[in-house]
Structure formats: C-alpha cells, structure tokens
Amino acid sequence: MDIKQEFLRVKRRLFDRVYGERLNPEQCRAVFTTEGPLLVLAGAGSGKTTVLVNRISYIIKYGDAYFDDTLPDGVDENTVEALKLALDMPVSEIEEILPRFISRPCPPWAVLAITFTNKAAKEIRDRLNSAFGDGELAESIWAGTFHSVCLRILRKHCERIGYKQGFTIYDTDDTKRLLLQCMKELMIDEKRLNPKVVQGEISRAKDSLIYPDGYEITRDPRSKDIKAVYGLYAKKLRENNAMDFDDIIMHTVSLLENEADVREYYQNKFRYVLVDEYQDTNYAQFVLTKLIADGRRNIMVVGDDDQSIYRFRGATVENILNFDKTYPDATVVKLEQNYRSTTNILSAANAVIGNNMKRHRKKLWSASGDGEKITVKEASDQNDEGRYIVERIVGSVYREGRKYSDFAVLYRVNALGRSIQTAFTKSGVPYKVIGDMGFYDHKEVKDMVAYLSVLANLDDNLRLKRIINEPKRKIGTATIEAVEQLAVMNGLSMYSVMERAGEFPLLAKSAERLTAFVRLMESVRERAKLPSELIEEVFVSTGYRDMLLEEDPVVGEGRRENVEELISAAREYEDKMREGGEEPTLLGFLEEVYLVSDVDKYDENADAVVLMTVHAAKGLEFPVVFIAGMEEGIFPSDKDGESEDALSEERRLAYVAITRAKEKLYISYARQRMMYGRTILGRPSRFAKDEIPKELLSVDIPRTVPPRMSAYGHPAASARSTVAPEFSREMRRAPSVTGMKETRTRTAASFGVEKLAPGTRVKHGIFGEGEIISSRDMGGDVLYEVGFDSGSVKKLMATYAKLEKI
DNA sequence: AGCTAAAATGTTTTT
DNA sequence: CATTTTAGCT
C-alpha cells in the first residue's frame with residue numbers, strides 16, 4: 001500500500017466530510033482551492049458570504065491542506081489507520097483531530113479580504129469570531145472596503161507620496177466646493193461648463209488612473225477646460241493635505257507602483273487576497289488588487305456579473321468577464337444553487353436578466369418550492385401606492401404573524417421614498433429609511449466635523465473657510481479672501497497666515513479677530529483629547545451652541561440634538577476601539593464619519609420596516625420585498641439615455657431588486673405620480689409587464705376607485721375596470737386566491753378592531769397614551785383623531801395604528 | 001456684514 | 001415641490 005496516496009485520499013475525505021456538512025460540492029471547491037487565481041461566479045443568494053467565511057477560516061486553520069499533495073513528516077501507517085477511523089466520527093471530533101496532521105496553517109494577518117461594504121466586512125469578522133471564539137484572531141485579518149483598506153495603507157506610508165500625516169478626506173460635497181473654487185479661479189463660466197460634468201469627468205479619470213498630465217484633450221472643446229480644472233484641483237488637494245474618495249484608491253496604486261519596498265512588503269505579507277463583489281470594481285481597483293496579489297498570485301474574486309450596478313461610478317463588468325484572460329490559469333467555480341428565494345421569485349429574476357446579452361451564462365435554481373406568486377399592483381398615484389404597501393404589511397403582520405423587520409420597500413430613486421415615508425408616518429408603522437439624507441449631512445454636524453478636520457489637519461483650507469465665520473465672528477468675505485491670497489503668495493496655509501495675522505499689513509484691521517480664532521482652536525486642542533470631548537468643547541467654547549439656542553428654539557433644539565448624537569457616535573467609536581484594544585484617535589473617528597455608510601449601520605434586529613434604494617439593498621435579503629415605482633422612465637430610469645448598456649444596467653438592477661426577496665415579492669406602480677412639483681403619467685415598467693412571465697404574476701385589484709382617466713388618456717370604465725388594462729384579460733378573471741381574499745376581507749372587523757368611542761383612553765406604541773377625540777368610519781376602517789398626552793394630535797387608522805384600550 | 005425675500009434650479013444610483 | 005442660491009436692501 002502506498003502510504004502517501006492513502007494518506008492523501010483519507011485526508012481529502014475527511015475534509016469533504018467536515019465542509020460537506022455545511023457546503024455544497026461547488027462551495028467546497030471554492031473553499032479548498034486556495035492556491036492560484038480563482039474566480040467564483042456566485043449567483044444571488046448562492047451562499048457567497050458563507051463561502052468567503054469558510055474559506056478564510058479554512059485557510060487560517062489548514063492553509064492549503066486539501067490540495068497539498070506532500071506527505072507531512074511523521075505520518076506513517078498508524079496515522080493513516082487512525083485517520084480512517086476518524087472518518088466515521090462526528091464532524092466536531094474530526095475537526096479536533098485534523099489540525100494535528102496539517103503542517104502549514106496560515107497566520108490571520110496574511111489574509112486580506114476586500115468587501116463592498118463595511119457591513120459585509122464586519123459580518124465576516126463576526127462570523128470568524130464565533131467560529132474561532134477568538135476576537136483577536138478575527139481582528140488581525142485585514143477585512144474592509146477598498147477605501148478602508150487603502151486608507152490603512154496610506155496612513156502608514158503617505159509621506160512617500162507627498163502627503164502629511166493626518167491628511168483629510170473630502171467627500172462629494174467638499175469635492176464640489178473645491179471644484180467650483182477652481183473653476184472660479186480659472187474663470188470658467190459654470191453656465192457653460194457644468195461643474196457636475198467636471199466632477200464626473202475627473203472622477204472617471206481617477207477611476208481609470210489617469211493623472212492630470214495624462215488627461216486627453218479631445219475634440220470636445222470642454223476637455224481643455226476640464227483638464228485645466230483637474231490640474232488645479234489636484235494641486236489644491238495636495239495643498240490642503242486632502243484626498244477625495246477616488247484619490248484614496250489612486251494614490252495607493254501609485255504608492256505601490258513607485259515604492260518597490262512598500263509593494264514587496266504587502267505582496268509578501270498577504271498570502272491570500274479575497275475580493276468580494278468583483279463585478280463592481282473599477283479599473284483602479286482592478287490594478288490595485290492585481291498589484292497586491294501579484295506576489296503570491298493567490299487571488300480569489302467573487303462576484304456576479306448580473307449584479308453589476310455601479311457602472312455610473314466607473315465599475316467595469318469587464319473585470320469579472322475577463323478575469324480568466326487576466327489570469328489564464330484561473331480556476332472557475334460557479335455557484336448556481338440559490339438558498340434564498342422561492343422558485344417563482346427566481347424564475348422571474350432569471351426571465352428578466354435573460355434579456356441581457358454579454359454575460360456569463362448561468363441559471364439559478366432553488367430547491368425550495370414554488371411559493372406564492374408575485375403580486376402586481378397598479379396604484380392610482382403615489383399616495384395610493386404608499387397606502388397599499390402599508391396596508392399589506394399591516395395585514396401580514398396581523399394575519400401571518402410577521403415582524404415589521406421582515407419587510408423591505410425598495411425603489412429606484414430616493415425621491416420615491418418620500419411618498420412612502422408619508423404613508424408610514426401616517427399609519428404609525430415603525431420604519432427606517434436607509435440612505436438619502438444621513439445625519440452627517442446636517443449642516444450643524446458638518447460644521448462640527450469641519451472643526452475636527454481643521455484640528456487634525458491645519459492645512460485644510462476648505463474646511464477652515466467653512467467654519468471661520470460660523471458662528472459669526474465678524475470675519476467677512478473680504479478678510480477671508482485677503483488671507484487666502486496671502487497664503488498663496490507666501491506658500492503658507494491659511495491657518496498659519498491667520499496665526500501671524502499681525503505681521504501682514506493687509507490684515508491690520510482684522511488681525512485681532514483672526515488670531516482670536518487661532519487662540520480659540522488652540523485652547524480647544526489643549527483642553528480636549530478624545531473625539532467626543534473635542535466635539536463637546538468645540539460646540540460650547542466656539543459659541544456654536546448658544547448660536548443654535550438663540551435662533552428658532554424648536555429648530556435649534558433639533559440641531560443641538562444632532563450634535564449630541566454626533567457626540568454619542570464618537571463615544572461609541574471610542575468604546576469600540578477600546579474593546580478591540582486600540583487607541584481611539586481623532587483621525588480614526590473622522591475616517592469612520594466619512595467611510596461608514598448608512599447601510600453599514602442598518603440593524604436587522606430593530607423591528608421596523610426598512611426603506612431604501614435598490615443599490616443600498618445589494619447584499620441584503622428580506623422575507624417580503626416591495627418594489628415600488630415600477631414605471632417606465634423611473635425603473636428603468638431614462639436619465640442615462642436609452643442605450644443598450646444603460647438599459648442592461650437597469651435590468652441588472654431589477655434583477656438585484658427581485659432577488660432580495662425570500663418568500664414574497666410585490667411590485668407596484670402608480671398611474672400618475674407627483675414628482676418635482678408636477679404630475680406625470682406612468683406606464684408599468686417593461687420589466688414587470690413584458691419580461692416576467694405572466695404565469696408568475698397575480699394582479700391585485702385596486703382598493704380605491706381609479707381616476708377617471710387611464711394612463712393612456714382614455715376614459716377608464718371606472719368601477720368595472722378593477723384590473724390594470726395592461727395585463728391580460730385572462731388574468732383579470734383569475735386573480736390569485738390570496739389577492740382576492742385579502743382585498744375583500746380587509747375590513748375593520750376582520751382585524752379584530754372594535755370601534756372605540758371618543759373619550760376612550762388609549763395607548764400607542766410610539767406616541768404613548770392619549771384620548772380619542774373623534775372616530776369616523778372610513779372604507780371598512782376607522783379613522784381616529786387622538787390627542788396624546790404629549791400634547792400632539794394625530795389622525796390614525798385603526799387597523800394600522802394598533803391602539804390599545806386602557 | 002448680514003439679513004430677508006425672491007429667483008433659480010434640480011433629483012439616479014454611492015464609497 | 002423644496003431646497004439652495006442670489007440679489008437687494010439695511
């Protein structure tokens with residue numbers, strides 16, 4: 001008997017048993033193939049994260065053991081016999097034995113996992129944490145977004161590329177301000193050249209690693225100006241010791257390209273590189289991962305070309321489509337079994353995406369049953385749509401015992417979220433909106449952050465200008481301009497000019513006020529160290545708080561609360577760092593502010609319906625999903641032209657939206673919609689109307705009388721025409737059982753709601769206790785007017801509000 | 001300098 | 001429509 005062959009055979013069978021218990025054969029292959037380039041085409045819901053986590057923990061525990069075909073020292077016949085016995089043992093025992101025969105585990109710090117969101121990175125760390133029961137181990141893995149990983153590298157080596165420690169990150173808003181400044185300086189009329197175009201062009205250039213010098217002047221006369229702006233903008237960023245989002249990637253690439261020792265250090269350090277959501281990487285990110293992984297060539301990328309939805313941000317699907325050309329020796333694994341959705345939902349998704357050309361052919365399948373049909377709802381307008389969604393959710397919570405957190409409402413554009421929010425607010429159903437205006441967008445929060453930025457980076461002229469006269473310190477535009485000019489002339493930062501204001505005759509009149517500001521900043525710095533203390537100190541000693549309280553007491557109070565929230569966010573950050581055994585720093589906190597998005601903070605445990613864009617929903621899943629605003633022109637959007645590429649991207653977006661649903665999917669559209677102050681007529685989206693097979697759909701009967709005019713301007717046969725004319729006659733006769741029943745039985749009585757008389761004391765989940773002022777029957781429901789003890793009076797629908805008699 | 005009131009302007013999607 | 005920018009006034 002050949003001991004070596006026998007050992008290898010038994011070893012693999014043992015691994016197959018351990019991992020086969022929780023993974024399918026393809027997933028196992030993705031886990032075990034650690035050496036060399038690996039492309040994992042992971043369809044929606046195919047257990048991608050599970051594979052990533054298992055692969056990392058496999059690597060840390062066993063290195064490349066599965067495909068390692070050497071015989072470890074000390075393995076003899078007895079060992080092989082012992083291992084054979086282990087084959088029949090429970091998996092947990094095999095897992096205990098296995099490491100003893102494995103010679104090459106991999107230290108966790110040698111693993112780099114790049115994810116798309118901080119949330120995904122955190123999930124990986126958490127799951128590794130519970131797998132190993134060792135927080136430190138999970139922490140020493142580098143897991144994060146492209147931006148956070150790059151930032152970590154840049155903080156260490158930024159001097160090499162001409163940046164000072166403590167450099168600032170500029171968000172889109174800062175970028176815009178700075179660009180406008182550049183254009184003004186170059187005397188480029190923003191009427192003639194839209195700053196947004198410039199911003200987009202520069203961003204795309206950076207995504208493609210094109211520097212100002214290399215920016216090509218084309219026949220387009222604007223390109224000359226854009227190049228000039230780009231050059232000045234880049235110069236100003238450096239002067240301010242600041243980077244925009246794109247710089248974070250671009251500068252890391254140039255660091256690694258130009259500094260051989262740094263490059264080699266990381267190439268050596270990272271034995272295994274894993275990249276999630278590879279279909280959404282841009283050229284710069286492609287180069288970056290290639291650079292880092294070129295040392296060991298152990299690069300694994302996971303993605304789904306059908307879910308590439310960030311073209312507008314420079315993502316190129318080609319990265320994933322051509323992976324096997326970049327790495328000809330790449331192993332390709334396809335994950336096509338979906339563990340998330342019912343067959344009906346998957347069939348719809350497959351049908352829609354099937355209309356796209358240019359993709360890796362694959363077909364998702366699911367072992368779960370057909371499930372419910374997809375419900376399509378034609379609403380008369382956006383309010384009707386909102387009410388419908390709320391009503392369905394409430395009904396489902398009552399009848400099926402679902403939790404609010406089981407539901408998600410997705411839409412193409414944030415603007416659509418407003419009308420839906422209104423419906424939720426009226427009903428009292430708890431909900432959470434992800435994205436749109438985050439609280440970091442509030443002026444007072446931005447101001448506080450600007451103060452912190454200046455404290456961390458005195459070269460940051462942009463942010464300095466933001467706060468120099470906020471609150472008012474009698475430093476006017478004339479003075480600021482003078483300081484700015486002196487700074488340019490003397491090669492100094494504005495801050496240092498202000499520090500020495502007395503030396504400049506030009507500033508004679510304002511010198512006292514300028515140095516007072518500098519003294520103020522210095523005193524803040526002396527008195528506080530931690531981010532939370534710094535904010536508190538800034539808030540009080542700059543007089544910002546008093547300013548807020550002096551203005552509108554209601555508005556001011558809200559703003560003060562926002563600042564308080566920022567302070568507690570800082571405290572949270574500090575606690576988190578201390579827990580991880582790290583030192584909380586101002587820079588660290590600022591990074592968090594800029595890089596941690598709203599979705600990252602989404603908490604699936606809070607019992608609330610979640611509202612967000614389809615983009616934000618990527619990577620998430622929900623038992624019940626509503627896709628709202630499924631209208632031509634909105635979804636698919638016509639904002640980016642009607643080109644095939646644009647439409648394909650919209651279709652992928654629809655695919656992402658559909659595949660978020662596990663059990664039940666609703667699609668709704670409004671016949672007319674108020675947007676930007678005018679009413680527009682809508683037609684159902686082709687994705688719903690033409691591309692999803694009819695047999696998967698059930699069309700819902702409108703709950704309200706449709707408006708006199710149909711979408712096409714024909715008089716609708718109002719009362720009788722209860723079904724969208726766009727859907728086939730045959731379907732009208734046979735609406736799904738659920739569709740019929742739910743609509744018909746939706747009365748107050750069926751929800752077990754009794755009509756409460758005025759004067760009754762009631763309790764509400766959110767508003768607290770109060771007294772019923774009036775009650776009125778409304779379409780099988782009861783509308784109450786309730787005066788709450790807090791002093792507010794609300795109008796509430798009985799079925800929605802869940803009032804409790806007390 | 002700083003306020004108010006009128007006018008303009010814009011809304012994909014995001015790290 | 002809603003917010004932001006600007007002009008004009010004090």
Side-chain angles (χ1 to χ4, degrees), chain A residues 114-121 144-151 169-177 180 190-191 194-196 199-200 203 206-207 243-250 277 280-282 284-285 307-315 382 410-419 422 434-438 440-441 443 469-480 509-510 513 547 551 591-600 612-619 629 633-641 646 649-650 652-654 656-657 673-680:
Chain A
I114 301 174
T115 56
F116 198 72
T117 59
N118 289 295
K119 188 171 187 288
T145 62
F146 271 101
H147 294 267
S148 64
V149 166
C150 285
L151 219 41
I169 300 157
Y170 280 176
D171 65 14
T172 329
D173 202 58
D174 303 316
T175 298
K176 206 176 119 203
R177 281 161 187 265
L180 279 161
E190 55 185 88
K191 293 266 156 31
N194 186 336
K196 276 199 136 170
Q199 193 172 7
S203 177
K206 290 186 175 182
D207 288 342
M243 291 187 196
D244 64 21
F245 285 135
D246 304 309
D247 284 336
I248 295 173
I249 313 291
M250 190 172 73
E277 307 279 13
D280 282 320
T281 52
N282 58 38
Q285 293 166 332
Q307 292 187 65
S308 169
I309 55 173
Y310 283 96
R311 199 177 65 118
F312 71 93
R313 201 168 82 182
Q382 75 276 17
L410 310 183
Y411 33 80
R412 178 64 238 271
V413 291
N414 275 312
L416 285 187
R418 314 279 177 162
S419 58
T422 320
I434 306 283
D436 210 12
M437 259 276 275
Y440 290 116
D441 296 323
K443 186 186 177 301
N469 201 29
E470 193 73 42
K472 305 278 175 277
R473 299 186 179 87
K474 298 222 186 311
I475 301 176
T477 39
T479 312
I480 295 173
K509 264 183 277 176
S510 47
R513 274 163 282 169
M547 175 188 81
E551 64 181 44
E591 248 154 62
E592 195 127 310
V593 170
Y594 286 109
L595 260 33
V596 175
S597 71
D598 223 10
V599 213
D600 293 329
M612 64 184 132
T613 62
V614 181
H615 281 91
K618 189 168 76 154
I634 293 178
F635 200 175
S637 164
D638 55 11
K639 291 281 186 293
D640 193 28
E649 175 116 335
E650 293 294 318
R652 288 193 291 269
L653 207 45
V656 169
R673 186 180 292 281
M674 267 266 260
M675 264 184 131
Y676 327 134
R678 54 180 67 249
T679 302
I680 49 163

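Within every chain, numbering begins at 1; the chains are lettered A, B, ... in the order of the sequence lines, protein sequences first and strands thereafter. Just the heavy atoms: all of them, side chains too, but no hydrogens, waters or symmetry mates, feed the values below.
For the C1' atoms, the distance from dT5(C) to dT12(B) is 23 Å, rounded to whole Å.
Rounded to whole Å, atom P of dT14(B) lies 16 Å from atom NZ of K176(A). In this structure, I309(A) atom CD1 and dT14(B) atom C1' are separated by 10 Å, rounded to whole Å. The OH atom of Y411(A) sits 13 Å away from the C1' atom of dT12(B) (whole-angstrom rounding).
Ring-plane geometry between Y310(A) and F116(A) is classed as tilted, the angle between the planes lying from 30 to 60 degrees on a 0 to 90 degree scale.
With dT13(B), dG2(B), dT15(B) as the choices, the nucleotide that has an atom nearest any side-chain atom of K474(A) turns out to be dG2(B). The side chain of A478(A) approaches dA1(B) more closely than any other nucleotide in the set dT15(B), dA1(B), dT12(B). In the set dA1(B), dT12(B), dG2(B), dT12(B) carries the atom at the smallest distance from any side-chain atom of K639(A). Of the candidates dT13(B), dT15(B), dC1(C), the closest approach to any side-chain atom of F312(A) belongs to dT13(B).
Nearest approach of T613(A) to V413(A), heavy atoms of both residues: CG2-C, 4.4 Å.
Backbone-only engagement by Y310(A) is indicated by non-hydrogen atom pairs under 4.0 Å involving sugar-phosphate atoms exclusively. Within 4.0 Å of N414(A), counting heavy atoms only, lie sugar-phosphate atoms of the nucleic acid but no base atom.
Contact annotation: K618(A) side-chain N/O to dT14(B) OP1/OP2 distance is not under 4.0 Å. Contact check, T172(A) against dT14(B): no side-chain N or O comes under 4.0 Å of OP1 or OP2. The side chain of N469(A) places no N or O atom within less than 4.0 Å of a non-bridging phosphate oxygen (OP1 or OP2) of dA1(B). For T479(A), a side-chain nitrogen or oxygen approaches OP1 or OP2 of dA1(B) to under 4.0 Å.
Where T145(A) and G476(A) each meet DNA chain B at their nearest nucleotide, the meeting point lying more 5' is that of G476(A).
Under the Watson-Crick or G-U wobble criterion, with both distances below 3.5 Å, dA8(B) is paired with dT3(C).
For the atom pair CG of D246(A) and CG of D207(A), the computed distance is 5.0 Å after rounding to the nearest 0.5 Å.
Using a 4.0 Å cut-off between charged nitrogen and carboxylate oxygen, E470(A) and K472(A) count as a salt-bridge pair.
Side-chain atoms of D171(A) come within 3.5 Å of backbone atoms of D174(A) as a donor-acceptor pair (strictly under, hydrogens ignored).
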